[in-house]
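Report on the following structure.
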Amino acid sequence: MSGLFLAEIVLPGVKRSVAVTRRCVGEVLMVTGHADVNDVRLVVSELVTNAVSHTASAEAGGFVTVEVTSLDAATAYIDCGDLSRGA
């Protein structure tokens, strides 16, 4: 996939990280002039919620990584990774 890398957010695998990630991704997309920022924030919330609820990232020392890439002014690619400390 080609595009302009905008941000990488790495946070502990805890529920509070959902809101933090949502805000960070929203700010990055607003600053870069993306359309549909609210839709992307909703998707990011779902991805990070699933990561901290259903994966080893919620274990002690686990974390969630979200990468944001701009494909064009209307399209953002969001990659959410969930990792435990031992991974």
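With hydrophobic clusters built from ILVMFWY side chains whose heavy atoms lie under 4.5 angstrom apart, Phe5 does not share a cluster with Val37. Both Ile78 and Val20 sit in one connected hydrophobic cluster of ILVMFWY residues. Membership requires side-chain heavy atoms under 4.5 Å apart, directly or through other members. Residues Phe63 and Ile9 do not share a hydrophobic cluster, clusters being chains of Ile/Leu/Val/Met/Phe/Trp/Tyr side chains in contact below 4.5 Å.
In this structure the side chain of Leu6 reaches within 4.5 angstrom of the side chain of Thr32, judged on heavy atoms. Between His34 and Val68 there is no side-chain heavy-atom pair separated by less than 4.5 Å.
In terms of heavy atoms, Ala51 sits closest to Ser57 at O-OG, 2.8 Å. The shortest heavy-atom contact between Gly3 and Leu71 is CA-CD2, 4.2 Å. Contact record, Gly13 with Val64: CA-CG2, 4.1 Å, taken as the closest heavy-atom pair.
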Which atom pairs, donor and acceptor, lie under 3.5 Å between side-chain atoms of residues 21-31 and protein residues at least two apart or in another chain?
| residue | atom | partner | partner atom | Å |
| --- | --- | --- | --- | --- |
| Thr21 | OG1 | Ser17 | O | 2.7 |
| Arg22 | NH1 | Ser45 | OG | 2.9 |

Evaluate Leu47 against Val66 for side chain to side chain contact (heavy atoms under 4.5 Å, CB included), listing each step before the verdict. CA-CA 9 Å; Leu47 291 171; Val66 175; over 6 Å; no
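Residues that satisfy the side-chain contact (heavy atoms from CB on, under 4.5 Å) test with Asp72, not counting sequence neighbours, are Ala74, Thr75.
Remark: side-chain polar atoms of Thr65 are not paired, donor with acceptor, to backbone N or O of Gly81 under 3.5 angstrom.
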